[in-house]
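Notes follow once the structure below has been shown.
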Amino acid sequence: MKGVERGFYFMEYKGFRLEVGEVSVLTLDQPRVNTFSTPVIEDFIGALEMLKTKNEVKVLVITGEGKTFLAGADIKELSGFGPEDAKRFAELIHSSLELVEAFPKPVIAAVNGFALGGGCELVLACDIVIASEAAVFGQPEINIGIIPGAGGTQRLPPRIGRMRAKELIFTGRMVPANEALAMGLINKVVPGEKL
């Protein structure tokens with residue numbers, strides 16, 4: 001616990017910080033680009049498990065600092081994985097997004113920039129998605145020879161339709177916020193300063 005103020009308290013984790021209160025805010029805040037590495041996902045799961053036991057929490061907002069909301073998995077870390085590491089990572093990322101999807105209070109994604117791969121899949125697990133005009137969404141995994149591995153193949157088709165989902169998954173095409181809104185991927189687009 002870093003500090004207590006107006007009934008809120010602040011906690012620091014690997015790769016993000018958390019403001020706990022009625023409106024709890026989880027902010028991904030890595031120095032260069034927000035990614036999910038094993039330590040970040042482990043802390044993310046721990047934070048969600050803790051938050052869901054707090055009666056004072058009425059809503060959770062997930063956002064990011066910098067130019068990325070979440071760029072997905074830490075590709076550098078993934079490149080060094082053997083089969084067991086890869087299996088454990090897949091289990092962790094699935095567990096984390098299932099926790100978001102099943103969270104007992106509403107979860108709002110406030111998307112400030114790139115939401116790619118696991119970042120787009122995190123968006124899909126949230127209840128409401130508000131994006132800045134600068135936000136970009138996509139499943140670019142095909143560009144490195146893999147498919148979406150954190151539930152995108154299951155959550156994307158019901159959200160935007162099978163044909164559009166196949167297009168984004170098969171081509172890796174990224175879509176700006178206004179197009180994401182038009183296809184039903186997100187709920188609302190706002191100017192960056194109002195996000």
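Worth knowing before you read on, the calculation uses all heavy atoms, side chains too, and leaves out hydrogens, waters and symmetry mates. These numbers were taken from a predicted model, which means no experiment stands behind them.
Pairs passing the salt bridge (Lys or Arg N to Asp or Glu O under 4.0 Å) check and including a residue from residues 183-193, sequence neighbours excluded, do not occur. Residue pairs meeting the salt bridge (Lys or Arg N to Asp or Glu O under 4.0 Å) criterion with at least one member in residues 58-79, sequence neighbours excluded: R17-E65. Within the structure, every pair that satisfies the salt bridge (Lys or Arg N to Asp or Glu O under 4.0 Å) test and touches residues 82-105, not counting sequence neighbours, is listed here: E42-R88, E101-R155.
Counting all heavy atoms, side chain and backbone alike, D43 lies closest to K14 at OD2-N, 2.9 Å. Closest heavy-atom contact between A131 and A135: CB-CB, 3.8 Å. The shortest heavy-atom contact between A109 and C126 is CB-SG, 3.8 Å. When all heavy atoms of A165 and I160 are compared, the pair lying nearest together is N-CD1, 3.6 Å. P106 approaches D127 most closely through the heavy-atom pair CA-OD2, 3.3 Å.
To the nearest 0.5 Å, atom CG of residue L48 and atom CG of residue L60 are 6.5 Å apart. In this structure, the separation between CD1 on I128 and CD1 on I108 is 5.0 Å, given to the nearest 0.5 Å. Separation of atoms CZ (F44) and OH (Y13) is listed at 11.0 Å; rounding is to 0.5 Å. We find the OG-CD1 distance between S37 and I75 to be 12.0 Å, quoted to the nearest 0.5 Å. Here the straight-line distance linking atom CG of L116 with atom OG1 of T35 works out to 12.0 Å at 0.5 Å rounding. Put simply, CG on L97 and CG on L124 are 9.0 Å apart, with the number rounded to the nearest 0.5 Å.
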Given the rule in the ring-ring contact (aromatic ring centres under 6.0 Å, His included) test, do F114 and F69 qualify, once you have shown the distances and angles that lead to the verdict? CA-CA 5 Å; F114 290 96; F69 169 74; over 10 Å; no

Can you check side-chain contact (heavy atoms from CB on, under 4.5 Å) on L168 and F137, steps first, answer last? CA-CA 10 Å; L168 296 186; F137 301 84; over 6 Å; no

Would you please test R164 and L185 for side-chain contact (heavy atoms from CB on, under 4.5 Å) and show each step? CA-CA 10 Å; R164 282 193 178 120; L185 179 59; over 6 Å; no

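Although no hydrogens or angles enter the test, the distance criterion places a donor-acceptor pair under 3.5 Å between the side chain of S132 and the main chain of A134.
Cluster annotation: V123 is connected to L99 through the hydrophobic network of ILVMFWY side chains, with a link wherever side-chain heavy atoms come within less than 4.5 Å. L122 and V33 end up in different hydrophobic clusters when Ile, Leu, Val, Met, Phe, Trp and Tyr side chains are linked at under 4.5 Å. Linking ILVMFWY residues whenever their side-chain heavy atoms come closer than 4.5 Å, directly or via other members, leaves V136 and V129 in distinct clusters.
Applying side chain to side chain contact (heavy atoms under 4.5 Å, CB included) to L195 and the options V111, V189, I130 leaves one that passes, I130. No option in I62, L51, L26 other than I62 meets the side chain to side chain contact (heavy atoms under 4.5 Å, CB included) test with V107.
The side chain to side chain contact (heavy atoms under 4.5 Å, CB included) check on N34 picks up L28, Q30, T68, L70, with sequence neighbours excluded. Applying the side chain to side chain contact (heavy atoms under 4.5 Å, CB included) rule to R162 yields the partners P157, K166; only residues at least two apart in sequence or on another chain are considered.
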Enumerate, atom names and distances included, each donor-acceptor pair closer than 3.5 Å involving a side-chain atom of residues 174-184, sequence neighbours excluded.
from: E179; atom 1: OE1; to: R173; atom 2: NH1; distance (Å): 3.3
from: E179; atom 1: OE2; to: R173; atom 2: NH1; distance (Å): 3.1
from: E179; atom 1: OE2; to: R173; atom 2: NH2; distance (Å): 2.8

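Taking the side chain as every heavy atom from C-beta outward, N112 and T63 approach each other to under 4.5 Å. Residues V59 and E22 are not in side-chain contact: their nearest non-hydrogen atoms beyond the backbone lie 4.5 Å or more apart.
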